[in-house]
Peer 1: 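One structure, as C-alpha cells, below. Some questions next.
Quick caveat: nothing in here was measured; it's all calculated off a predicted structure. Just so you know, residue 1 is the first one in the sequence shown, and it goes up from there.
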Amino acid sequence: MNKPINILFLCTGNSCRSQIAEGWAKYFGHDSFEIQSAGIEAHGKNPRAITVMQEAGVDISSQESTKVTDEMLKQADLLVTVCGHADEHC
C-alpha cells in the first residue's frame, strides 16, 4: 500500500484559515491523505472558525494551533499557503 500524500496548509497564525482548510481536507480526503496545518506563529484556535465549521458539519475543535517546523516542511508532499503573509515569509 502506498504512503498517503502529506498536505500541509500554512497560514500566519494557524488559528482560522489553515485550520478550516485542514478540517475540509480531512473531511473530504478521509484516509487518502495525511493532513496537517501550521502557522509561522501559533495564535491559538479561533472560536469563530470552530463554530462556522460545526455549522457545516465538520468538527475542528480537537485540532491544535501549531507553529511550523522544519520537519513538517520536509515531510510535506504539497504545501498550500492560505495567506499572502505566510507565502512571503516562509
Side-chain angles (χ1 to χ4, degrees):
M1 185 168 164
N2 292 336
K3 177 184 134 191
I5 295 171
N6 185 312
I7 302 173
L8 173 60
F9 293 98
L10 186 65
C11 195
T12 302
N14 192 222
S15 65
C16 190
R17 288 169 284 201
S18 53
Q19 291 285 330
I20 289 171
E22 177 184 352
W24 281 121
K26 286 179 175 177
Y27 180 81
F28 287 114
H30 305 287
D31 295 331
S32 301
F33 303 95
E34 184 176 333
I35 308 295
Q36 302 179 83
S37 69
I40 296 171
E41 304 164 357
H43 291 171
K45 296 189 273 187
N46 185 318
R48 288 186 220 152
I50 294 169
T51 299
V52 166
M53 291 299 282
Q54 282 175 336
E55 290 172 1
V58 180
D59 183 12
I60 64 169
S61 62
S62 64
Q63 294 175 190
E64 295 298 324
S65 180
T66 307
K67 185 175 177 180
V68 69
T69 65
D70 289 338
E71 189 61 30
M72 292 172 90
L73 292 170
K74 287 178 192 172
Q75 291 176 356
D77 297 307
L78 176 64
L79 174 64
V80 180
T81 56
V82 294
C83 71
H85 185 260
D87 185 38
E88 293 169 11
H89 292 90
C90 185

Peer 1: Distance from Leu10 atom CG to Gln36 atom CD, nearest 0.5 Å?
Peer 2: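 Taking CG in Leu10 and CD in Gln36, the distance rounds to 11.0 Å.
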Peer 1: Please round to the nearest 0.5 Å and tell me the distance separating atom CG of Asn46 and atom OG of Ser18.
Peer 2: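 OG of Ser18 is found 10.5 Å from CG of Asn46.
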Peer 1: Going from CE on Met53 to OG on Ser61, what distance comes out if it is rounded to the nearest 0.5 angstrom?
Peer 2: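 Here the interatomic distance stands at 11.0 Å.
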Peer 1: Which heavy atom in Ile60 sits nearest to a heavy atom in Gly23, and how many Å separate them?
Peer 2: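 Nearest pair, atom of Ile60 first, then Gly23: CG2-CA, 3.7 Å.
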Peer 1: Considering only residues two or more places apart or on different chains, which pairs with a residue in residues 64-74 satisfy side chain to side chain donor-acceptor pair (under 3.5 Å)?
Peer 2: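 As it turns out, the side chain to side chain donor-acceptor pair (under 3.5 Å) pairs with a partner in residues 64-74, which skip direct neighbours, are Glu71-Gln75.
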Peer 1: List the atom of Val82, the atom of Cys11, and the distance in Å for their closest heavy-atom pair.
Peer 2: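 Result for this residue pair: CG2-CB, 3.6 Å.
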Peer 1: So if I apply the side-chain contact (heavy atoms from CB on, under 4.5 Å) rule between Asn6 and each of Ile35, Leu79, Leu78, Asp77, which one comes out positive?
Peer 2: Asp77
Peer 1: If you measure from CG on Asn14 to OG on Ser37, what distance do you get to the nearest 0.5 Å?
Peer 2: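 Interatomic distance, Asn14 CG to Ser37 OG, rounded to 0.5 Å: 4.0 Å.
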Peer 1: So do Asp59 and Gln54 actually touch side chain to side chain, heavy atoms under 4.5 Å?
Peer 2: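 The answer is yes, as the side chains (C-beta and beyond) meet within the 4.5 Å cut-off.
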Peer 1: Should Tyr27 and Ile50 be counted in the same cluster of Ile, Leu, Val, Met, Phe, Trp and Tyr side chains packed under 4.5 Å apart?
Peer 2: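 Tyr27 clusters together with Ile50.
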Peer 1: Pairs in or reaching into residues 28-57: which pass ring-ring contact (aromatic ring centres under 6.0 Å, His included), with residues at least two apart or in two chains?
Peer 2: Trp24-Phe28
Peer 1: How many angstroms lie between atom OG of Ser32 and atom CG of Asn2, to the nearest 0.5 angstrom?
Peer 2: 11.5 Å
